[in-house]
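A short write-up of the structure that comes next.
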Amino acid sequence: MAMEGYKAAELEPKWQAFWQENGFYKAERDPAQKKYYVLEMFPYPSGKLHMGHMRVYSIGDVLARFLRMRGFNVIHPMGWDAFGLPAENAAKQHGADPGEWTAANVKLMKEQMNALGLSYDWAREVATCSPEYYRWNQWLFLLFYKNGLAYKKKSPVNWCPSCQTVLANEQVVDGGCWRCGSEVSWKELEQWFLKITDYAERLLEDLSLLEGWPEKVKIMQENWIGRSQGTDIVFTVKETGDRLEVFTTRPDTLFGVTYMVLAPEHPLLPKLIAGTPQEQKIRDFVQQIRRESEMTRTSADAEKIGLFTGASAVNPVNGEEIPILVGNYVLMSYGTGAVMGVPAHDQRDFLFATEYELPVRVVVNPPGEDLTTSPLQEAYEGTGTMVNSGEFDGLPNEEGQRAITDWLIQRGCGGYRVRYRLRDWLISRQRYWGTPIPIVYCPQCGPVAVPEEKLPVLLPKGIDLTGTKQSPLLESEDFIKTRCPQCGREARRETDTMDTFFCSSWYYLRYADPLQDELPFDKKEVDYWLPVDQYIGGIEHAVLHLLYSRFFTKFLLDQGLVKIKEPFQRLLAQGMVYKDGAKMSKSLGNVVNPDEIIARYGADTGRLFILFAAPPERDLDWNEQGVEGCYRFLRRVWRLFQQNMVLFSGEAGEDGDPPAMPPLRRVEEELQRAQHYALKKVTVDIEERFNFNTAISAIMELVNAVYSYFNETGEDERKRFAPFLREVFRSIVLLLAPFAPHITEELWQRCGYKESVHRQRWPVYEEKYLQSDEMEIVIQVNGKVRGKMLVPVDSPEGELLAAVYQHERIRPYLEGKEVVKTIVVPGKLANVVVR
RNA sequence: GCCGAAGUGGCGGAACCGGCAGACGCACUUGACUCAAAAUCAAGCGGAGCUCGCUCCAUGUGGGUUCGAGUCCCACCUUCGGCACCA
């Protein structure tokens with residue numbers, strides 16, 4: 001009889017339809033059950049899944065399926081990060097409606113996801129571009145606004161000339177736009193910001209709660225927040241009497257200050273230079289700096305330029321007068337926009353002072369050295385003893401930091417200060433395809449929030465996106481013209497839309513209650529399902545999306561809308577997918593699409609390979625032959641079952657009644673050990689280590705073990721041990737089920753089981769089957785392996801050593817030597833040290 | 001420059017607590033089946049030496065700790081990632 005071959009193309013759609021029709025992956029709140037929230041970062045609906053998607057979603061699906069089998073009430077939702085620039089560009093290029101274009105893409109990608117056999121609860125699907133969703137963006141924006149956390153201000157902002165919109169700091173990568181790479185320039189614009197800086201300390205502190213996050217991501221966030229503890233010091237401008245504040249982390253070097261530098265944008269600057277001979281020169285300089293992009297201006301190798309203003313500042317600690325300069329390297333956006341120059345103890349200042357022939361004064365001596373006697377060759381940035389510092393001389397400089405700051409506090413000219421590198425989050429975008437910011441400008445009342453019951457402010461349709469106005473919404477008179485919600489007079493709407501990261505900062509909460517139309521989500525649902533227990537996504541969001549989401553969660557906690565401090569309990573940052581060592585890209589022509597893989601081998605093979613080729617957090621190289629290998633493995637499993645279906649039929653027990661199975665022999669016991677070893681290994685690898693690659697290899701080993709068992713035994717033995725072999729076969733299917741859901745469902749059904757394999761409990765290993773009465777131990781002499789032997793498991797050390805000394809391979813090494821020491825590691829090895 | 005991660009066969013990768021380095025897979029070689037091929041099954045597969053049983057060498061480099069180091073410590077090299085005038 002010809003054996004039926006493995007036909008993925010037939011069985012995969014069959015089972016996908018079956019799961020769908022039977023609502024297999026619907027999740028319901030059930031306080032009696034322990035929940036588990038598995039979430040993968042939702043995609044932008046570009047129209048096509050790529051390998052990176054296939055990888056994240058495969059990882060998430062294995063976890064979701066595994067955890068269901070472990071008995072958790074698993075929520076595994078999916079949706080669409082559907083606002084954004086590509087839809088708008090498609091509209092410009094092909095005249096498509098962004099909404100229709102997006103909807104068509106969503107449909108395509110959803111089909112692809114289903115073809116991969118991903119176990120999503122589609123009843124919870126959300127699309128951020130639907131009014132039912134973005135309405136709550138607006139609602140949340142107003143909540144921020146009412147709490148003083150959303151504000152508008154005019155400031156120099158990052159501008160991407162190609163995307164024609166502003167960018168948040170987090171979205172500027174190496175001086176270029178995160179999306180298109182174009183060099184980012186400056187623009188002075190009135191823009192909406194969210195006050196994420198109010199949460200800087202908590203965002204930093206609570207990183208310690210995130211035990212399940214990769215250290216790397218936490219460090220990146222820590223650096224981004226950039227907390228720095230220091231002192232604010234008030235100098236006085238001699239000529240005008242103005243206060244001039246600086247921030248420093250080295251107040252101990254205050255006596256070493258020999259000049260001061262202001263940022264070109266410093267508000268005091270025009271006053272300082274007014275009417276001086278150098279006024280015009282400095283104005284030109286400032287103009288020139290402002291035209292430069294942030295990239296040029298802040299790149300580390302840009303030349304440091306300083307110009308003397310002619311004014312001088314008075315050092316509060318010693319009344320000394322020092323020159324005030326203006327410099328291109330001082331940033332208005334950090335600290336106070338003014339820095340004190342201490343050339344002796346800061347290498348940057350040292351180089352600058354040398355260039356401009358400013359004095360260098362040592363105020364900290366390294367232990368056992370005196371730097372004051374000869375000219376410095378470089379700055380001394382280390383610790384030491386204070387000198388040239390009046391009453392503070394002789395103090396260790398760390399103490400001096402406190403002493404000087406306290407001294408300043410007493411005289412009202414300074415104090416301790418913590419500063420952050422983090423800036424407020426700029427959320428305005430001059431784009432069409434985004435959430436309209438729900439604000440109305442009234443000539444009488446100023447900016448007014450759109451009342452809650454008037455939400456959503458709908459995005460108008462039929463806008464000419466090829467227009468040249470600052471923002472596409474300015475093209476629509478119908479949209480702009482409105483009435484003031486307060487006084488009813490004619491007013492105009494805000495035309496900026498929100499950064500799409502706003503949408504993705506809370507979508508994981510909406511999944512808990514996706515149809516809710518009274519609130520963004522019902523607290524009851526969110527309190528049950530949240531936090532996300534396992535979040536999976538790309539490392540590229542280490543700062544952006546993950547920081548914003550943490551910020552939202554903390555704000556919502558303060559507002560009493562959620563009761564969690566952190567949204568994502570555990571985070572898995574998966575690596576990238578490469579092909580032949582290079583990034584997959586159209587220009588290289590090395591793109592492999594999930595579609596092709598599904599068509600050629602089936603989803604199960606594709607999933608298996610992408611999980612087998614590398615551990616999830618590492619980069620993965622796509623290799624066609626590796627895919628073949630996984631395909632071969634699945635066919636091998638298929639054949640194994642097809643050839644042994646008799647085990648599952650009545651024929652196994654010839655007489656009809658269940659035959660008494662004879663006691664297992666050594667060969668069966670070994671197979672049983674392999675079985676339970678795999679049960680243990682796969683469980684631990686998925687649950688504790690996310691090492692799907694080694695989990696899969698353990699299943700392969702078990703299959704290999706079955707093959708070799710069959711090689712060593714005959715037909716009748718298989719029949720005799722059928723009940724045992726059935727258990728082994730069941731284990732294989734169950735272990736493989738999360739990875740290859742279709743083939744396992746088919747095999748399970750063919751074995752005669754009625755209920756789905758995905759509704760089974762995860763098999764549990766038994767320690768007793770892992771043990772053997774004999775073990776092979778390694779014998780070493782002086783730490784080198786010299787032999788092996790089989791010993792009873794719990795043979796006492798003495799007996800074991802006696803056997804070692806008698807061992808024919810070992811004896812030659814011991815002859816004429818003195819045994820100095822012996823080491824016995826139970827179950828592993830015996831080492832004899834001789835001299 | 002600062003912070004972080006990683007360097008293991010021809011390749012992807014194992015080795016979890018310091019205990020047989022190279023699991024599993026790919027590629028390759030050989031045998032069986034076949035008219036032949038594919039598929040499949042079986043066997044081999046880090047390097048060198050040789051009396052074919054072993055011996056020596058081998059986890060980026062150089063040191064160290066230890067009976068024993070891919071694993072721990074010190075220094076260095078290389079690659080990748082993040083930050084980068086942050087006062």
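Keep in mind the model is a prediction, meaning the values are calculated, not measured. In what follows, every heavy atom counts, from backbone to side chain, and hydrogens, waters and symmetry copies are set aside. Every chain is numbered from 1, with letters handed out A, B, ... down the list of sequences.
- Distance noted for atom C1' between G62(B) and C77(B): 10 Å (whole Å).
- Relative to the six-membered ring of Tyr677(A), Arg673(A) misses at least one condition, a distance below 6.0 Å or an angle of at most 45° to the axis.
- In this structure, of A27(B), C83(B), A87(B), it is C83(B) that holds the atom nearest to the side chain of Trp224(A).
- Between Phe352(A) and Tyr329(A), the distance separating the two ring centers is shorter than 6.0 angstrom.
- When distances are taken from the side chain of Ser228(A) to each of A87(B), C85(B), C56(B), the shortest belongs to A87(B).
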Strictly under 3.5 Å: I want the nitrogen or oxygen pairs between protein and nucleotides 69-72 of chain B, one per line.
none

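- Cation-pi geometry between Arg419(A) and Tyr334(A) is not met: the NZ or CZ atom fails to fall both under 6.0 Å from the ring centre and inside 45° of the normal.
- With sequence neighbours left out, the side chain to side chain contact (heavy atoms under 4.5 Å, CB included) criterion links Lys216(A) to Met220(A), Ile539(A).
- Scanning RNA chain B for stems, defined as runs of 3 or more consecutive Watson-Crick or G-U wobble pairs whose donor-acceptor distances all fall under 3.5 Å, gives the following ranges: B:1-7 with B:77-83, B:10-12 with B:24-26, B:28-32 with B:40-44, B:46-49 with B:54-57, B:60-64 with B:72-76.
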Measure all distances between protein nitrogen or oxygen atoms and nitrogen or oxygen atoms of nucleotides 62-67 of chain B, and list the pairs falling under 3.5 Å.
from: C67(B); atom 1: OP1; to: Lys821(A); atom 2: NZ; distance (Å): 3.3
from: C67(B); atom 1: O2; to: Asn831(A); atom 2: ND2; distance (Å): 2.1

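- Among G19(B), C20(B), A15(B), the nucleotide with an atom closest to any side-chain atom of Val825(A) is G19(B).
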(Q) I need a per-nucleotide contact map over nucleotides 38-53 of chain B, read 5' to 3'. Cutoff is protein heavy atoms under 4.0 Å; write B for the base, S for backbone only, - otherwise. (A) -SSSS-----------
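- Using a 3.5 Å distance cut-off with no hydrogens or angles, the side chains of Thr197(A) and Asp424(A) do pair a donor with an acceptor.
- Using a 4.5 Å cut-off on side-chain heavy atoms (C-beta onward), Lys304(A) and Glu355(A) make no contact.
- Here C41(B) is in the anti range [glycosidic angle more than 90° from 0].
- Ion pairing of Glu215(A) with Lys218(A) is present here, as a side-chain N (NZ or NE/NH1/NH2) and a carboxylate O approach within less than 4.0 Å.
- Between the P atom of C24(B) and the OH atom of Tyr677(A) lies a distance of 11 Å, rounded to the nearest Å.
- Within the structure, a side-chain polar atom (N or O) of Tyr813(A) is placed less than 4.0 Å from OP1 or OP2 of U55(B).
- Checking the phosphate oxygens (OP1, OP2) of C20(B), no side-chain nitrogen or oxygen of Arg786(A) falls inside 4.0 Å.
- Between Met340(A) and Leu254(A) the shortest side-chain heavy-atom distance falls below 4.5 Å.
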Using the 3.5 Å cut-off, write out each protein N or O paired with an N or O of nucleotides 2-13 of chain B and the distance between them.
from: G12(B); atom 1: O2'; to: Ala613(A); atom 2: O; distance (Å): 2.6
from: G13(B); atom 1: O3'; to: Asn693(A); atom 2: ND2; distance (Å): 3.3

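- With C85(B), C56(B), A87(B) as the candidates, the nucleotide lying closest to the side chain of Leu331(A) is A87(B).
- No donor-acceptor contact under 3.5 angstrom links the side chains of Glu245(A) and Thr336(A), judged on distance only.
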